[in-house]
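Read the structure below first, then the notes.
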Amino acid sequence: MKALPRSWFEGDAVALAPRLLGKVVKKGSCVGIIVETEAYTVDPASHAFKITPRSAPMRDTWGHWYVYFTYGMHFCANVTTNKGGAGAVLIRAVEPVEGIPTMQKRRTTSLKLRGADARSGKSDFPERALCNGPAKFCQAFGITGRENGQPVGEAFGIYDAPEIPKSDFGISGRIDIKKSTELPWRFYIKGSPFVSPVRNQIINRIGRSAL
DNA sequence: TACTGGATTCACT
DNA sequence: GTGAATCCAGTAA
């Protein structure tokens with residue numbers, strides 16, 4: 001497997017987001033296939049719309065991890081793009097391939113920390129629920145603020161794989177359409193059971209006919 | 001310094 | 001379908 005070079009991320013986030021589908025993300029023993037991505041450039045819903053110290057990597061780097069903390073409890077992982085501009089691609093969902101026991105342990109531990117259903121002792125944590133959301137992916141892969149600002153590399157990298165044909169991926173909008181201006185910049189591999197469960201909400205809101 | 005709200009997830013009804 | 005969890009960045013004063 002060959003890691004994608006930094007130069008791979010020089011282009012526009014909207015162009016790169018669908019090309020990331022099917023690529024392999026690897027961190028430690030955990031390996032997965034990217035099945036859902038979302039492009040962020042300078043639209044109002046993006047941290048790049050108004051650059052702050054937190055979001056500066058979106059403007060200043062490409063091929064780096066931009067990991068931010070949200071809702072008081074979750075991390076979301078992006079790869080910065082747009083050399084000479086501002087942009088990033090959010091990894092929304094991943095199909096687990098290797099390191100599944102580790103992912104299950106991390107996800108289960110996380111649930112217990114929240115005081116949720118610890119009684120069940122979910123050793124059989126459902127595989128499809130491991131990484132089917134941006135914060136779930138971060139939990140399962142052990143991604144935290146420590147990874148923020150690091151270059152995409154060998155230790156925590158994205159590896160090349162054949163491109164997904166255009167006919168095999170779908171496009172939808174963002175969930176907060178009032179704020180995010182209905183930009184159809186969310187990409188997912190059709191038929192994958194591992195895409196984010198909010199995809200259906202999004203599709204329903206913007207209307208299937210728009211797709 | 002104080003306040004507001006978020007690129008989410010999960011349990012519960 | 002709804003609301004709680006939880007804390008930090010950003011903003012206003």
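Reminder, nothing fancy here: chain letters follow the sequence lines and each chain counts from 1. These numbers come from a predicted model, not from an experiment.
Between the CE atom of M73(A) and the P atom of dG5(B) there is a distance of 19 Å, given to the nearest Å. Rounded to a whole Å, the CH2 atom of W65(A) is 19 Å from the P atom of dA7(B). Across the protein-nucleic acid pair, E38(A) atom CD and dT8(B) atom C1' stand 12 Å apart, rounded to whole Å. Taking atom CG of N132(A) as the reference point, atom C1' of dC10(B) lies 12 Å away to the nearest angstrom. Protein atom CZ of R54(A) is 13 Å distant from nucleotide atom C1' of dT11(C), rounded to whole Å. Taking atom CG on N78(A) and atom C1' on dG6(B), their separation rounds to 14 Å, with Å as the unit. With rounding to whole Å, F75(A) atom CZ is found 10 Å from dA9(C) atom P. To the nearest angstrom, C1' of dT6(C) lies 13 Å from CD of Q139(A).
Side-chain atoms of Y68(A) stay outside donor-acceptor range of the base of dA9(C), with no qualifying N/O pair under 3.5 Å.
Backbone-only contact: A135(A) has heavy atoms under 4.0 Å from sugar-phosphate atoms and none from a base. Within the 4.0 angstrom heavy-atom criterion, only backbone atoms of the sugar-phosphate kind lie near F69(A); the bases stay farther away.
dT2(C): Watson-Crick or G-U partner is dA11(B), with both key distances under 3.5 Å.
Side-chain nitrogen and oxygen atoms of H74(A) include none within less than 4.0 Å of the OP1 or OP2 phosphate oxygen of dT6(C). A sub-4.0 Å separation between OP1 or OP2 of dT9(B) and a side-chain N or O of R107(A) is absent.
Considering V79(A), L20(A), T81(A) in turn, L20(A) is the only one that fulfils the side-chain contact (heavy atoms from CB on, under 4.5 Å) rule with W8(A).
R107(A) and Q139(A) form a side-chain donor-acceptor contact under 3.5 Å, judged by distance and modelled atom types alone.
A distance of 10.0 Å separates CZ of R92(A) from CG of N132(A), quoted to the nearest 0.5 Å. Atom OG1 of T102(A) sits about 10.5 Å away from atom CZ of F141(A), to the nearest 0.5 Å. Note that the CH2 atom of W185(A) and the OG atom of S172(A) stand 13.5 Å from one another [nearest 0.5 Å].
For the C1' atom pair drawn from dG3(C) and dG5(B), the interatomic distance equals 16 Å after rounding to whole Å.
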